[in-house]
Amino acid sequence: MAATVLLPTDKTKLAKAIKRLMSAGTQARNIRMVQWMISYHYLQGARDFSNPNWQSGTVSVNRGHANSVGYKDFRYDEVVTRYQTELGRMLKIDLRPRVKKVGMGLDSLRKAGIAQIALDNLAPQNVVERCKAEILPLLLTFGAAGLSSWVDSKGRSHPEVSPPWELLPIPGEPLASVDGGGLMRVRWMSLERLKEFEMDPNNPGVRKKWGDMEYKEVPYGTVPRDENSPVASNSLFSMLSPDDSAKQGKGKGGKESQTQKFVQIIETWVESESGNLARYILCGGGKVLADFDYTKESRQPPMPIKKITYIDTGSFYGRGFVEILIPVNDEVESLLSRLFENI
C-alpha cells in the first residue's frame with residue numbers, strides 16, 4: 001500500500017487539485033476505453049474497427065456485416081456462446097455473507113446464529129442476486145467494476161454498482177495496483193438528488209453554490225449517458241452556464257420547462273496506509289461541496305467503495321473475459337468465411 005495521498009485543505013486549491021487528478025486518471029482510463037468499445041460492440045455483432053485514438057479513448061465502429069478483411073455475410077459468434085456460459089457459471093456463485101463459527105459450544109452457536117440473522121437482514125438474497133446480475137456483465141465485458149454502498153435518509157444501507165469508465169485511479173497512472181492511494185468516481189447526477197447529499201456542516205455556503213454550477217439539461221423521463229461511456233450518445237446533452245439558467249426556467253406563457261438539470265460530480269476517496277478511508281471529497285460543477293477528513297480519527301471508517309477486476313494483471317482496470325477471446329474468434333471467423341467463399 002502506497003503512502004496516503006496528501007491534498008490541500010483550501011477549497012480553491014483543492015478544486016484545482018481534484019481537476020488535475022481527474023485529468024491524469026482520464027488519460028490512463030482512455031487507453032482501456034478503446035478496448036472496452038471494441039469488446040462491447042464486438043458482442044453486438046460489429047467486426048470492423050478503425051482509427052483507434054488512445055489519447056481520447058475513441059475508435060470508429062463500422063456496423064456493417066463485414067469483418068476486418070472485408071468478408072461479408074458470415075459471423076462466427078463463438079465468443080457470445082462462451083460469454084453466456086461463463087456468465088451462467090458465475091451467477092451460481094453464492095455471495096451471501098456467512099458467519100464462521102469459532103467453536104462448538106452453545107454460546108458460540110448462539111452468537112453465530114444472531115450474527116447470521118443480522119447479516120441476512122443487511123444483505124438479503126434478492127439484493128445480492130441483483131448485485132450479481134449488474135456486476136458480472138461488466139466484469140466479463142470490460143474487466144472491472146466498482147461496488148459501493150450509500151445510506152438513505154432512513155439510515156438504510158444500499159449497494160451500488162459502478163461501471164469502470166466512472167472510476168479513475170489515484171494517482172492517475174499507478175505502476176501497479178499496490179501503488180494506488182484511492183480512487184475517484186466521475187458521473188452525472190440530477191441536481192435534485194445532489195441537494196439531498198449530506199454536505200459539510202462546516203461549510204454553510206454550500207447552498208449558495210447551486211446557482212454557480214455548470215449543468216446539462218435533458219428532457220424529463222430521460223437518463224443521460226456519460227459521454228465517456230463506450231456506448232455514449234451526446235445528442236441529448238445541452239451544456240448550459242449559470243448565465244443561461246434564467247432563460248431556461250420558463251417556457252412560453254410562463255409554463256415550466258420540460259427539462260431537468262444534471263451536474264457532473266466527482267467523488268474522491270483517499271485511502272489510508274491501513275486500507276481505511278482517510279478523506280472523502282465531493283465536488284460538483286467545479287465546486288467543493290463536502291470535505292471530510294478522517295486522518296486524525298482514532299478509528300477510521302472502512303473504504304465505502306471497492307474496485308473489482310475479472311483478471312488482475314497488476315493494472316488498475318485489469319482485463320475482461322471477452323477481450324481475450326476476440327483474437328481467436330477473429331482468426332476462426334476469417335478462416336471459416338474464406339472456406340465458405342471457396343465452396
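We count residues from 1, following the sequence as given.
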### Task
Could you go through the side-chain contact (heavy atoms from CB on, under 4.5 Å) check for N126 and R130 one step at a time?
CA-CA 6 Å; N126 62 324; R130 177 174 58 83; over 6 Å; no
Ignoring hydrogens and angles, tell me if any N or O in the side chain of [X] forms a donor-acceptor pair with the backbone of [Y] under 3.5 Å.
{"X": "N53", "Y": "S56", "answer": "yes"}
{"X": "S23", "Y": "K19", "answer": "no"}
{"X": "Q116", "Y": "P97", "answer": "yes"}
{"X": "R75", "Y": "G45", "answer": "yes"}

Quick check: closest heavy atoms across [X] and [Y], and the distance to 0.1 Å?
{"X": "A46", "Y": "V61", "result": "CB-CG1, 3.8 Å"}
{"X": "D312", "Y": "G314", "result": "OD1-N, 3.0 Å"}
{"X": "G318", "Y": "T309", "result": "N-CG2, 4.0 Å"}
{"X": "T26", "Y": "M22", "result": "OG1-O, 2.6 Å"}
{"X": "T141", "Y": "V322", "result": "CA-CG2, 4.0 Å"}
{"X": "L167", "Y": "S162", "result": "CD2-CB, 4.1 Å"}

Sequence neighbours excluded, the answer for side chain to side chain donor-acceptor pair (under 3.5 Å) partners of R89 is E86
Do NZ/NE/NH1/NH2 and the carboxylate oxygens of K307 and E271 come within less than 4.0 Å? no
Notebook entry, point to check: Between R279 and D291, is there a side-chain N and carboxylate O pair less than 4.0 Å apart?
Noted result: yes
Tell me whether the count of non-hydrogen atoms from other residues, nucleotides or ligands lying under 6.0 Å of [atom1] in [X] goes above 12.
{"X": "K132", "atom1": "NZ", "value": "yes"}
{"X": "K13", "atom1": "NZ", "value": "no"}
{"X": "R82", "atom1": "CZ", "value": "no"}

Practice prompt. Using the six-membered ring wherever Trp is involved, compare the ring planes of W36 and Y317 and label them parallel, tilted or perpendicular (cut-offs 30° and 60°).
Written response: perpendicular
Mind checking whether [X] and [Y] sit in one hydrophobic cluster, side chains of I, L, V, M, F, W, Y counted as touching below 4.5 Å?
{"X": "L91", "Y": "L139", "result": "yes"}
{"X": "Y76", "Y": "L335", "result": "no"}
{"X": "I93", "Y": "L119", "result": "no"}
{"X": "I135", "Y": "V127", "result": "no"}
{"X": "V99", "Y": "I114", "result": "no"}

In short, salt bridge (Lys or Arg N to Asp or Glu O under 4.0 Å) pairs touching residues 50-59 with sequence neighbours left out are none
Could you tell me if the side chain of [Y] sits less than 4.5 Å from the side chain of [X], heavy atoms only?
{"X": "Q300", "Y": "L277", "result": "no"}
{"X": "E267", "Y": "E166", "result": "no"}
{"X": "Q27", "Y": "Q55", "result": "no"}
{"X": "M33", "Y": "T58", "result": "no"}
{"X": "V161", "Y": "L147", "result": "yes"}
{"X": "W269", "Y": "I170", "result": "no"}
{"X": "F316", "Y": "L183", "result": "yes"}
{"X": "F142", "Y": "Y40", "result": "yes"}

* Asked: Under 3.5 Å, is there a donor-acceptor pair linking the side chains of Y42 and N329?
  -> yes
To the nearest 0.5 Å, how far apart are [atom1] in [X] and [atom2] in [Y]?
{"X": "L7", "Y": "L14", "atom1": "CG", "atom2": "CG", "result": "6.0 Å"}
{"X": "E78", "Y": "Y83", "atom1": "CD", "atom2": "OH", "result": "15.5 Å"}
{"X": "L136", "Y": "F321", "atom1": "CG", "atom2": "CZ", "result": "12.5 Å"}
{"X": "Q264", "Y": "C283", "atom1": "CD", "atom2": "SG", "result": "10.5 Å"}
{"X": "H41", "Y": "S60", "atom1": "NE2", "atom2": "OG", "result": "10.5 Å"}
{"X": "L95", "Y": "M90", "atom1": "CG", "atom2": "CE", "result": "8.5 Å"}

Checklist entry - Passes side-chain contact (heavy atoms from CB on, under 4.5 Å), I265 versus L289? Steps please. => result CA-CA 10 Å; I265 65 170; L289 302 178; 5.7 Å; no
Can you list the steps and then say if T268 with Y280 is a side-chain contact (heavy atoms from CB on, under 4.5 Å)? CA-CA 6 Å; T268 304; Y280 171 73; over 6 Å; no
*Show your working on side-chain contact (heavy atoms from CB on, under 4.5 Å) between I326 and Q35 and close with a plain yes or no.*
CA-CA 11 Å; I326 289 178; Q35 184 59 54; 4.2 Å; yes
